[in-house]
Amino acid sequence: MKNFLANVWTKRVVAILSLLYAYGVCHLCYFSIFYEIHIQDRTSQCLMITGVSILVLVAMLYTRKQIFTRIASFIILPAMLPVVLLYFGEWGMIIPIIVTGITILLLSGAGEGSKTAVGTIVLLLYIFGALGYFLFTSFFISSAKETVVETGTSPSGRYRYSVINTEDSSNGSTSVYVEPNYADLNYPFVTFTLKNMDRVVYLERPVAEEINIEWTTQNRQDITQQIEAISDNIEVEVTDEELKALGYTYDCKLMLTDVVVRKKFEIGKTASDVDPIPLDELTDEQLAVFGIGRDTGGRYYIISPSEELMDKIDNTTGARVYFSDLDSKALKLYNSQNTDDYGNVLFKVSKNRTVLLNTLTDEQLEQLGVSEESDVMNFNGKVCFRSYVAELDDYYDVDSRHLSIELLN
């Protein structure tokens with residue numbers, strides 16, 4: 001047994017636990033940035049994390065001279081900084097991991113110089129990180145008092161809402177928030193919910209004296225008729241993939257924007273004519289004014305592309321440069337070149353990614369992700385939320401992650 005434990009390959013295999021533990025800490029760091037934490041049983045959670053940390057710490061000390069353990073010892077404490085700041089107060093979770101990180105950093109097989117350097121950097125990170133975070137929360141976070149007066153879920157269970165009364169210097173307000181109920185991550189003893197997913201669907205000033213929330217379920221066709229009765233010009237923004245699926249080509253959605261007055265005059269329009277101007281509405285002679293051509297297949301191309309643009313798209317054959325061949329950077333370069341001698345922009349070419357709601361069939365709406373039945377919320381008799389609209393406009397993009405200041409709140 002002694003020879004087995006002294007074997008270098010045994011230590012290397014056991015050292016993998018160090019990396020797994022460090023990975024778990026990094027995962028917790030990721031959660032602290034993008035998720036709020038809700039602990040159901042703090043005692044059980046603390047005992048579980050403490051037990052795992054003790055087990056891993058023993059394994060780390062046993063393999064302290066292995067490269068995996070050394071790497072893990074340098075990762076744990078820096079990765080725990082966002083957790084300490086954003087989950088401040090959850091000591092049953094934080095303290096066991098911090099103690100494990102400090103112990104293995106001090107007792108790892110790394111050189112004293114390396115441990116001193118890493119320890120100094122970590123200490124400075126915690127000092128300045130904590131100072132910056134608490135200064136931010138002190139000066140930029142609103143001090144208004146909020147009281148949750150009602151919560152619940154929609155009939156389908158896909159959405160949850162909360163009614164919040166806010167006391168401030170402007171006689172207060174009543175706000176209704178709706179957020180997805182399907183993006184939570186549930187683990188033993190703890191639940192993580194995405195930050196900043198709640199959306200204000202109704203706001204009333206001053207504080208509402210009466211609060212009456214009613215949910216109904218309506219089918220897709222009925223809601224479409226209700227919305228179209230409001231206006232015939234309601235636009236829906238879609239992605240390039242959705243445009244293609246709806247039968248639109250790249251070129252049929254191209255348009256001119258920021259067109260200067262003299263360019264409008266050259267194509268027979270007036271100064272008061274609004275833009276954008278769809279390219280499909282222009283004749284070949286009008287397109288030529290902007291240096292744009294159209295082939296027999298309806299594709300648009302640049303008549304005289306610059307050498308810089310040709311180099312950008314790596315066109316060495318002298319073939320036609322179609323707008324559909326330009327990526328976002330190449331299109332930006334092209335638009336920056338459409339200027340006069342003084343650097344003023346003459347026009348820009350962009351892609352219209354909107355379609356009119358009244359042009360979409362029921363089948364196309366289903367294709368865009370609108371459910372057959374939708375949850376509709378009424379606040380004091382007024383419609384303030386339709387899951388139909390939330391799905392169509394992609395209110396809740398639970399798969400995207402963007403760093404922002406709001407995540408610190």
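Between N165 and E146 the shortest side-chain heavy-atom distance does not fall below 4.5 Å.
For R294 and Y300, the positive end is not near the middle of the six-membered ring at less than 6.0 Å and at most 45° from its axis. Both tests do not hold together for K195 against F34: distance to the six-membered ring centre under 6.0 Å, angle to the ring axis within 45°.
When the shell of 6.0 Å around CD of E237 is examined, it contains 12 or fewer heavy atoms from other residues, nucleotides or ligands. Applying the 6.0 Å contact sphere to OH of Y182 captures more than 12 heavy atoms from other residues, nucleotides or ligands. The neighbour count for F290 CZ, taken as heavy atoms of other residues, nucleotides or ligands under 6.0 Å away, is above 12.
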Name each donor-acceptor pair under 3.5 Å that joins a side chain in residues 75-92 to protein atoms two or more places apart or in another chain, with its distance.
unit_1	atom_1	unit_2	atom_2	d
Y87	OH	F31	O	3.0
Y87	OH	Y35	O	2.8
E90	OE1	R42	NE	3.3
E90	OE1	R42	NH2	3.3
E90	OE2	R42	NH2	3.0

List the atom pairs, with distances to 0.1 Å, where a side-chain N or O of residues 206-218 and a protein N or O form a donor-acceptor pair under 3.5 Å, not counting sequence neighbours.
unit_1	atom_1	unit_2	atom_2	d
Q218	OE1	Q226	NE2	3.1

When the side chains of residues 257-265 are checked against the rest of the protein, which donor-acceptor pairs come out under 3.5 Å, sequence neighbours left out?
unit_1	atom_1	unit_2	atom_2	d
K263	NZ	V289	O	3.2
K264	NZ	D273	O	2.6

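Side-chain atoms of Q221 and D362 form a donor-acceptor pair, as typed in the model, at a separation below 3.5 Å.
Sorted by first and then second residue, the side chain to side chain donor-acceptor pair (under 3.5 Å) pairs involving residues 113-132 (not counting sequence neighbours) are E112-K115. The ring pair (Phe, Tyr, Trp, His ring centres under 6.0 Å) pairs that include a residue from residues 348-373 number zero, where partners must be two or more places apart or lie in different chains. Within the structure, every pair that satisfies the side chain to side chain donor-acceptor pair (under 3.5 Å) test and touches residues 64-73, not counting sequence neighbours, is listed here: S18-T69, T63-T69. Annotation: side chain to side chain donor-acceptor pair (under 3.5 Å) contacts involving residues 341-355, sequence neighbours excluded, comprise D240-K351, D240-R353, D340-N344, N352-T354.
For the side-chain contact (heavy atoms from CB on, under 4.5 Å) test, residues two or more places apart in sequence or in another chain that qualify with T339 are V345. Partners of E391 according to the side-chain hydrogen bond (donor to acceptor under 3.5 Å, both in side chains) rule, which considers only residues two or more places apart in sequence or in another chain, are S371. Residues meeting the side-chain hydrogen bond (donor to acceptor under 3.5 Å, both in side chains) test with D311, sequence neighbours left out: none. Under the side-chain contact (heavy atoms from CB on, under 4.5 Å) criterion, S400 pairs with D397, H402, sequence neighbours left out. By the side-chain hydrogen bond (donor to acceptor under 3.5 Å, both in side chains) test, D222 pairs with N219, sequence neighbours left out.
The aromatic rings of H27 and Y30 lie parallel to each other, their planes meeting at an angle below 30°, with 60° marking the opposite boundary. Y187 and F192 have perpendicular rings, their planes meeting at more than 60° on a 0 to 90° scale where under 30° would count as parallel.
The pair E373-R220 does not count as a salt bridge, with every side-chain nitrogen at least 4.0 angstrom from each carboxylate oxygen. With respect to E179 and R160, a salt bridge is recorded, a charged nitrogen being found less than 4.0 Å from a carboxylate O.
Residues Y202 and F385 keep their aromatic ring centres 6.0 Å or farther apart.
D41 contributes no side-chain N or O that, together with a main-chain N or O of F189, makes up a donor-acceptor pair within less than 3.5 Å.
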Derivation and outcome, side-chain hydrogen bond (donor to acceptor under 3.5 Å, both in side chains), residues T153 and N181: CA-CA 8 Å; T153 58; N181 199 35; 5.6 Å; no
